[in-house]
Each structure stands twice: as structure tokens, then as C-alpha cells.
Amino acid sequence: MKKFIKYSFFLGFAIILSCKNETKKDVITKEEKVITIVDSNGVKKQDSTVVFNRTVDGKSIVKKDEVKKYIYKYKAFDDTEAIITFVHHTDKSNIIIERNKLKIELPQTKADKNIATFEEGGIKAVTEGKKLTITQNGQTFELTKE
């Protein structure tokens, strides 16, 4: 019985010491990177914005509520611009298409290696590389990433 108490005391003491030596790595920093490009005229333009969380060690953290956003400028053949935001949650993805005061949000319905399809309410958006094709009411609009 004395040996049992002695070993239990030793085991409890070892557990307490090991818990004290742990370092806190759960400190999270929110990081936002803005990627800019310079066009042929020497004008700087914002290409995309990436938002993600990191630990103190610099490792990216994926949590249930983490959202990654990628914001790009796309251009149509007639030089009209649209802001396209890809929003990635851990369990779903959306695309937000903004042009003038119009804002459309579509959930992702299919994803392959290089192609992602977003669809809802008769509007379909398909991304493939730098190309975005939007189909609505039989009309097709093609946009390319700047």
C-alpha cells in the first residue's frame, strides 16, 4: 500500500511539472495581405487581399469559424470592371460579384481541379484560371482577371 501511495504521489508530481512547462501557442494574430501590381503605365493597383489567422510561430490556423477572402479585379471585353471576392469557410465557399451598386453572392456547387462552379437562382458563375464566365437568363458574360 505504501508503494502505491508513493508511486501515485510521484506520478502526480510529474504530471504537474509537465503541465507547467507547456508554452502558450494559442495566441492568434489576424493577418491581412494586400497584393498590388504595377500596370504598363506604372500605376499601382490592388490585385487581391488575403485574410487569414496565424499563431505566434507563423503557422496558419484553420478554425471552424475561419474565413479566407481573396479579392480580385476582373474586366469585361468592354473594359467595365467588377470586384470579385472568393470567400472560403471551412465547410463552404462563395463568390461575391460586385459591379456598380449591384452585388450578387453565389454558393459553390461544384469544384474540380481547375474549375469552380457557383450557382443560385438562375445565375451561374464558372471560374477557370483567370477567366470568369457568368450566365444569367441565357446571356453569357466573360470576365478576365487583370
Side-chain angles (χ1 to χ4, degrees), residues 7-146:
Y7 287 124
S8 298
F9 179 75
F10 180 76
L11 181 63
F13 186 72
I15 290 173
I16 291 172
L17 283 179
S18 65
C19 289
K20 284 186 177 181
N21 291 336
E22 282 187 23
T23 58
K24 287 192 175 184
K25 292 186 178 184
D26 59 347
V27 178
I28 300 171
T29 59
K30 185 174 183 176
E31 188 173 323
E32 184 172 319
K33 285 188 178 180
V34 177
I35 301 166
T36 57
I37 58 171
V38 179
D39 66 6
S40 59
N41 296 327
V43 178
K44 285 186 178 181
K45 294 183 179 180
Q46 179 177 334
D47 179 49
S48 61
T49 304
V50 182
V51 180
F52 47 89
N53 293 326
R54 292 196 179 272
T55 62
V56 176
D57 298 338
K59 294 180 182 175
S60 184
I61 300 173
V62 177
K63 291 181 151 186
K64 281 187 176 181
D65 59 345
E66 182 175 3
V67 177
K68 291 185 180 183
K69 291 183 180 181
Y70 300 90
I71 303 168
Y72 302 101
K73 282 187 183 179
Y74 277 72
K75 220 177 216 186
F77 68 92
D78 61 352
D79 286 339
T80 57
E81 290 184 348
I83 303 296
I84 308 299
T85 305
F86 295 94
V87 182
H88 300 286
H89 300 270
T90 53
D91 58 341
K92 63 181 180 174
S93 294
N94 294 338
I95 187 172
I96 301 170
I97 304 166
E98 296 179 72
R99 185 173 171 268
N100 298 333
K101 294 181 182 180
L102 179 66
K103 186 176 184 179
I104 301 169
E105 185 169 352
L106 304 171
Q108 184 173 2
T109 55
K110 190 166 86 171
D112 294 328
K113 187 176 180 181
N114 297 323
I115 301 171
T117 304
F118 303 87
E119 192 170 5
E120 186 176 72
I123 303 172
K124 183 177 181 179
V126 179
T127 61
E128 184 174 4
K130 291 187 173 190
K131 188 171 92 172
L132 172 65
T133 306
I134 303 168
T135 306
Q136 181 181 15
N137 299 329
Q139 294 183 335
T140 302
F141 307 97
E142 287 195 8
L143 303 168
T144 54
K145 184 179 163 189
E146 287 188 332

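Heavy-atom basis, side chains included; hydrogens, waters and symmetry copies ignored.
- Side-chain atoms of Thr109 come within 3.5 Å of backbone N or O of Thr117 as a donor-acceptor pair.
- Rounding to the nearest 0.5 Å places CG of Asn100 at 11.0 Å from CD of Glu81.
- Closest approach of Gln108 and Asn94 over heavy atoms only: N-OD1, 4.3 Å.
- Remark: Ile123 CD1 to Leu106 CG distance equals 6.0 Å, nearest 0.5 Å.
- Taking the six-membered ring for Trp and thresholds of 30 and 60 degrees, Phe86 and Phe118 have ring planes inclined between 30 and 60 degrees apart.
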Would you mind writing out the side-chain donor-acceptor pairs for residues 133-143 within the sub-3.5 Å range, not counting sequence neighbours?
none

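- The heavy-atom pair separating Glu146 from Lys75 by the smallest distance is OE2-CE, 3.1 Å.
- The distance from the CD1 atom of Ile95 to the CD atom of Glu119 is 12.5 Å, given to the nearest 0.5 Å.
- Of all heavy-atom pairs spanning Ile96 and Lys103, the tightest one is CG2-CE, 3.7 Å.
- For the pair Asp78 (side chain) and Thr80 (backbone), a donor-acceptor distance under 3.5 Å is present.
- Nearest heavy atom pair, residue Glu105 against residue Glu120, reads O-OE1, 3.7 Å.
- Looking at every heavy atom in both residues, Lys69 comes nearest to Thr85 through CB-CG2, 4.5 Å.
- Ring orientation note: the planes of Tyr70 and Tyr72 are close to parallel, at an angle under 30° on the 30°/60° scale.
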